Amino acid sequence: MRHIAIIGSGPAGYYTAEAAQKAFGEDVRVDIFDRLPVPYGLIRTGVAPDHQSIKGVSRRYEKVALTDNVRFVGNVTVGEDVSVAELQDLYDAVVLATGAPHDRALGIPGEDLANVFGSAAFVGWYNGHPQFADLDPDLSGKTAVVIGMGNVALDVARILAKTPAEFEGSDIVAHALDRLAGSAIERIVILGRRGPHQIMMTPKELGELGQLERAAPLVDPAVLPDEVEDAILEPGLRKSVTHLRSFAAIPESERAGKPLTIEFAFMAQPKSLIGKDKVEAVEAERTEIVKGRASGTGETFRIPASLVVSCIGYRSASIPGVPFDERAGRFANDEGRILTGLYCVGWARRGPSGTIGTNRPDGQALVEKIVEDVESGTLGPPRKQGRAGFDALAKERELDLVTFRDWKKIEEAEEAAAREGAPREKFVDIEAMIRARE
């Protein structure tokens with residue numbers, strides 16, 4: 001019997017567990033650990049609340065979780081409640097599937113001003129992540145600047161722009177819905193240092209901006225390349241640029257009926273955030289593309305900003321005793337191998353890239369490495385205690401473990417508390433989650 005510990009219960013964690021089941025059959029026991037009492041990671045707290053169809057992938061993870069040889073172990077913080085070294089003593093393989101929960105810093109003056117947030121924090125706020133439930137963004141100003149040209153920037157802009165009625169069917173948490181209902185924002189600027197042909201936005205998400213009740217997207221036709229140049233783009237990006245062209249063609253008469261504008265500011269990079277205590281403006285520098293890279297021109301301008309959300313990427317959280325690549329913001333690894341018996345997968349391995357589905361082949365590839373290490377004798381004979389050993393340690397330390405059965409009770413309570421038209425009302429407090437299982 002082989003014992004595998006997976007740290008992190010998001011897509012990478014569950015796809016790895018699924019692959020381990022297929023590779024080892026009944027000869028494996030997998031424990032999936034999470035610091036929260038609830039599973040699914042970014043499916044729960046990262047995917048936009050109005051994208052419920054994407055969250056449906058959790059049903060696949062539930063099938064894995066309900067099998068006899070996979071167990072969810074919630075409310076355990078690895079690095080505090082138990083060390084990686086202790087897990088290595090108990091399990092044949094320890095897999096870090098911790099994702100990339102921290103925002104990349106902007107690295108410019110003023111980013112510590114009030115009402116400046118990273119996307120992990122801001123998205124966590126409206127998605128009900130306990131760590132960010134008390135974020136308290138001020139939406140009383142007129143202009144929000146969203147920095148970044150990827151889908152997360154689109155999510156943030158769309159959530160800021162929607163009317164309360166447009167959240168019908170979503171699981172946005174009540175505290176965020178109430179705050180957004182009183183928002184005074186009239187202008188959202190999506191700021192990116194490169195041009196329309198370099199965006200990382202996918203067509204579906206970009207197209208949603210053209211279907212909002214009270215907001216209209218705005219693109220300056222002058223910044224769009226000649227249409228013939230679109231032919232060299234890969235199909236998905238070409239569709240996205242087609243959306244930008246349609247936004248540029250929206251007539252003023254149509255815009256006049258919508259009080260909120262979502263404005264794309266291409267070829268501009270933030271240089272500093274201006275304000276005394278709270279952010280008041282973004283100072284940006286015009287850029288140009290030189291050999292495929294954005295280069296500053298020296299020309300600067302200011303955008304008034306009462307709220308700034310930075311959506312420029314994420315970093316994994318380091319763990320004591322585990323080699324970490326500070327520059328890349330992920331664990332130092334060789335195709336998923338960190339040290340003997342210690343592995344990483346998903347964003348913890350490759351950095352924050354790819355889609356949810358990308359984690360499935362990533363998990364399969366990592367399990368192949370574990371199988372290789374078992375067959376070569378690198379991991380030694382199957383003598384580890386695994387689950388029984390951890391349970392004894394947890395009892396000794398009086399850890400309050402949350403099982404998948406407990407999670408189902410939490411889920412039932414969230415569904416029972418849902419407002420009309422919503423699938424659930426998430427608990428945003430860990431103690432409340434734990435009480436709900438009783």
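Since the structure is predicted, the reported quantities are computational estimates derived from the model, not experimental observations. Computation of the quantities below employed the complete heavy-atom set of this structure, encompassing side-chain atoms and omitting hydrogens, waters and symmetry-equivalent molecules.
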### Task
Sequence neighbours left out, what passes ring-ring contact (aromatic ring centres under 6.0 Å, His included) with H175? Give chain and number order.
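Result, ring-ring contact (aromatic ring centres under 6.0 Å, His included) vs H175: W125.
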Using modelled atom types and a 3.5 Å cut-off, is there a donor and acceptor pairing between side-chain atoms of [X] and backbone atoms of [Y]?
X: S83; Y: G79; answer: no
X: R315; Y: H102; answer: no
X: R29; Y: R2; answer: no
X: S316; Y: G99; answer: yes
X: E263; Y: V189; answer: no
X: Q52; Y: P49; answer: yes
X: E398; Y: A394; answer: no
X: K55; Y: I43; answer: yes
X: R424; Y: E411; answer: no
X: Q385; Y: A388; answer: no

### Query
With sequence neighbours left out, which residue pairs that include part of residues 429-438 fulfil the side chain to side chain donor-acceptor pair (under 3.5 Å) condition?
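Residue pairs passing side chain to side chain donor-acceptor pair (under 3.5 Å), neighbours aside: D400-R437.
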### Message
Could you tell me if the side chain of C311 sits less than 4.5 Å from the side chain of V156, heavy atoms only?
### Response
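They are in side-chain contact.
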### Task
Check whether any side-chain heavy atom of N75 lies under 4.5 Å from a side-chain heavy atom of I430, and answer yes or no.
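Yes, their side chains come closer than 4.5 Å.
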Indicate yes or no: does [X] engage [Y] in a salt bridge with an N to O separation below 4.0 Å.
X: E80; Y: R35; answer: no
X: E86; Y: R397; answer: yes
X: D92; Y: K384; answer: no
X: E62; Y: K408; answer: yes
X: R44; Y: E414; answer: yes

Are [X] and [Y] linked by a side-chain donor-acceptor pair shorter than 3.5 Å?
X: Q21; Y: T67; answer: yes
X: E26; Y: N69; answer: no
X: Q211; Y: R158; answer: no
X: E208; Y: H51; answer: yes
X: S376; Y: D373; answer: no
X: D50; Y: S170; answer: no
X: Y15; Y: D362; answer: no
X: N151; Y: T202; answer: yes

Heavy-atom pair with the smallest gap, counting every atom of [X] and [Y]:
X: R214; Y: T163; answer: CD-CG2, 3.5 Å
X: E425; Y: A417; answer: CB-O, 3.6 Å
X: P323; Y: I338; answer: CD-CG2, 3.7 Å
X: S240; Y: L206; answer: O-CD2, 3.1 Å
X: G141; Y: S306; answer: CA-OG, 3.3 Å
X: T16; Y: V367; answer: O-CG2, 3.5 Å

Reported [atom1]-to-[atom2] distance for the pair [X] and [Y], which is rounded to 0.5 angstrom:
X: Q198; Y: L233; atom1: CD; atom2: CG; result: 9.0 Å
X: L36; Y: F427; atom1: CG; atom2: CZ; result: 14.0 Å
X: L42; Y: N127; atom1: CG; atom2: CG; result: 9.0 Å
X: R179; Y: I172; atom1: CZ; atom2: CD1; result: 12.0 Å
X: D34; Y: T77; atom1: CG; atom2: OG1; result: 8.5 Å

### Task
Please assess K239 against E234 for the test salt bridge (Lys or Arg N to Asp or Glu O under 4.0 Å), listing each intermediate value before the final yes or no.
CA-CA 9 Å; K239 288 180 182 178; E234 59 88 16; over 6 Å; no
### Message
Before you tell me yes or no, could you show the steps for R360 and R60 under side chain to side chain contact (heavy atoms under 4.5 Å, CB included), namely the whole-Å CA-CA distance, both residues' side-chain angles and the distance that decides it to 0.1 Å?
### Response
CA-CA 12 Å; R360 187 184 179 200; R60 177 176 185 147; 3.0 Å; yes
### Message
The criterion is salt bridge (charged side-chain N to carboxylate O under 4.0 Å, His left out); which residues satisfy it with D89, sequence neighbours excluded?
### Response
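Listed in chain order: nothing, the list is empty.
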### Query
Listed by chain and number, what are the salt bridge (charged side-chain N to carboxylate O under 4.0 Å, His left out) partners of E213, not counting sequence neighbours?
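Applying salt bridge (charged side-chain N to carboxylate O under 4.0 Å, His left out) to E213 gives none.
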Looking at [X], I want to see if its [atom1] is surrounded by more than 12 non-hydrogen atoms of other residues, nucleotides or ligands under 6.0 Å.
X: K278; atom1: NZ; result: yes
X: R238; atom1: CZ; result: yes
X: K369; atom1: NZ; result: yes
X: D277; atom1: CG; result: no
X: R349; atom1: CZ; result: yes
X: K142; atom1: NZ; result: no

### Ring geometry between H3 and Y91 (parallel below 30°, tilted from 30 to 60°, perpendicular above 60°)
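Geometry flag for H3 against Y91: perpendicular rings.
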### Query
What orientation do W407 and F404 show, parallel under 30°, tilted 30 to 60°, or perpendicular over 60°?
perpendicular
### Query
Does the pair K426 and D171 meet the rule for a side chain to side chain contact (heavy atoms under 4.5 Å, CB included), with working shown?
CA-CA 8 Å; K426 295 176 190 171; D171 63 354; 3.3 Å; yes
### Query
Hey, mind stepping through N359 and R350 against side chain to side chain contact (heavy atoms under 4.5 Å, CB included) and telling me if it holds?
CA-CA 10 Å; N359 293 294; R350 66 182 188 271; 3.4 Å; yes
### Message
Evaluate I7 against L87 for side chain to side chain contact (heavy atoms under 4.5 Å, CB included), listing each step before the verdict.
### Response
CA-CA 10 Å; I7 318 305; L87 292 177; 3.6 Å; yes
### Message
If you take the centroid of each ring, where Trp contributes its six-membered ring, are F33 and F390 closer together than 6.0 Å?
### Response
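Ring centres of F33 and F390 closer than 6.0 Å.
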### Query
What salt bridge (charged side-chain N to carboxylate O under 4.0 Å, His left out) pairs are there with at least one residue in residues 93-106, not counting sequence neighbours?
none
### Message
Taking ring pair (Phe, Tyr, Trp, His ring centres under 6.0 Å) as the cut-off, I'd like each qualifying pair that reaches into residues 310-363, sequence neighbours left out, listed once.
### Response
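For residues 310-363, and leaving out neighbouring residues, the ring pair (Phe, Tyr, Trp, His ring centres under 6.0 Å) pairs sorted by first residue read Y314-W347, F324-F331.
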